[in-house]
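Basis for what follows: all heavy atoms, side chains included, without hydrogens, waters or symmetry-related copies.
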Amino acid sequence: MTTQTTKEIPEAAAVPPPGAAPAKKVSQGHRRLLTRRDRLTLGLMAGLPTILHIALVWVTALASVALAFTTWDGIGFDSIKWVGLENFRELFSNNPQFWPAVQHNVIWFVVLIVIPTPLGLFLAVQLDKRIRFSRVYQTAFFLPVVMSMAVIGFVWQLIYNPDTGLINSIIGANEPGKYIDWIGDPDLNLWAILVAASWRHTGYMMILYLAGLKGVDPSLREASALDGANEWQTFKNVIFPTLRPTNTVVLVVTIIEALRAFDLVFVFNKGAQGTELLSILVTNNIIGESSRIGYGSAIAVVLLLISLVVIIPYLVATFRKERRA
């Protein structure tokens, strides 16, 4: 009897007396969503890329800025000597390759903005009409963008080969005495490389503009058609003005592509014989036989400053637009 009463007491105690307010549930507090192992894994996944980014990007960039004011042959840190602005004075006054390299970078930008950019816009407008096999065309035009620049350089080397190349074979310039050296001729090689660069850049511009066209409100096209505008008038007066954000992105991307041009030129002829670029000068001075790391860093700082002149206004305008939104 005693045992039975003892077992029933907790059950009776759990039942509230008549008329009493129901008991509140005891709060167990916030449960931890992440275990210690989860926090460790998340820290490794976020921490390692951050450390690598800081070490390989920011530290090296700041080190290049500091080395631009020194002379260093790369052998031992004790050989670093402070020279102030001497590297920049020599660069602007005594380097016969610097100003031609700047000119070539400007030519690179002008060609990319004049030829492949309008061509990419034209292709994007045509593909936006949802023609048959548009996916196939998009893949074909965008394929050069995903290919390695070194591979593109080797492909175009075969095309420009003076003996067995495609171009010379078509125009009959592959016979003795009629050879056209597209890569070795200083009057032709830069333009030949720019053709290869434009071939790749066209697909890049096509994708950017195609993404911008997908964001155009269809009601604008319908309203323009109701007003009696033809296809060209609709594009000029309605669609193209709405592509202003895309045009800004295209301009910035093209400038950056012109400044960072390196791979194609290096694969073709390593920046010699009239194809000098700022990036090539940086590489030749840092990795070349002379190994003038301080002088090469000075050229890299000039290239960085030119890039910041373009990037900073774009970032400021973008942040202002986000704040207004």
Practice item. Hey, can you tell me if W99 and F92 have their rings parallel, tilted or perpendicular (30° and 60° cut-offs)? Key: tilted
Review point. Any idea how Y137 and F141 line up, ring-wise: parallel (<30°), tilted (30 to 60°), or perpendicular (>60°)?
Key: tilted
Study note, to complete from the structure: When T70, N95, N285, T71 are each screened for side chain to side chain donor-acceptor pair (under 3.5 Å) with Y295, the one that passes is N95
Exercise for review: Kindly write out the residues that satisfy side chain to side chain donor-acceptor pair (under 3.5 Å) with E90, not counting sequence neighbours, or none if the list is empty.
Suggested key: R292
Exercise for review: For V238 and T242, work out which heavy atoms get closest and say how close.
Suggested key: O-CG2, 3.3 Å
Review point. With a 3.5 Å cut-off and no angle check, do the side chains of N168 and Y160 form a donor-acceptor pair?
Key: no
Review point. Just by modelled atom types, is the I183 backbone N or O under 3.5 Å from a matching donor or acceptor in the Q157 side chain?
Key: no
Point to revise | W72: side chain to side chain contact (heavy atoms under 4.5 Å, CB included) partners, not counting sequence neighbours | key: L67, F77, S79, I80, I293
Review point. So, D38 and T35: side-chain donor and acceptor under 3.5 Å apart, yes or no?
Key: yes
Point to revise | Considering all heavy atoms, the nearest A272-N269 contact | key: O-ND2, 2.8 Å
Check your understanding: Is any NZ, NE, NH1 or NH2 atom of the basic residue among D128 and R221 found under 4.0 Å from an Asp or Glu carboxylate oxygen of the other?
Key -> yes
Review point. Hey, does W108 have a side-chain heavy atom less than 4.5 Å from the side chain of V265?
Key: yes
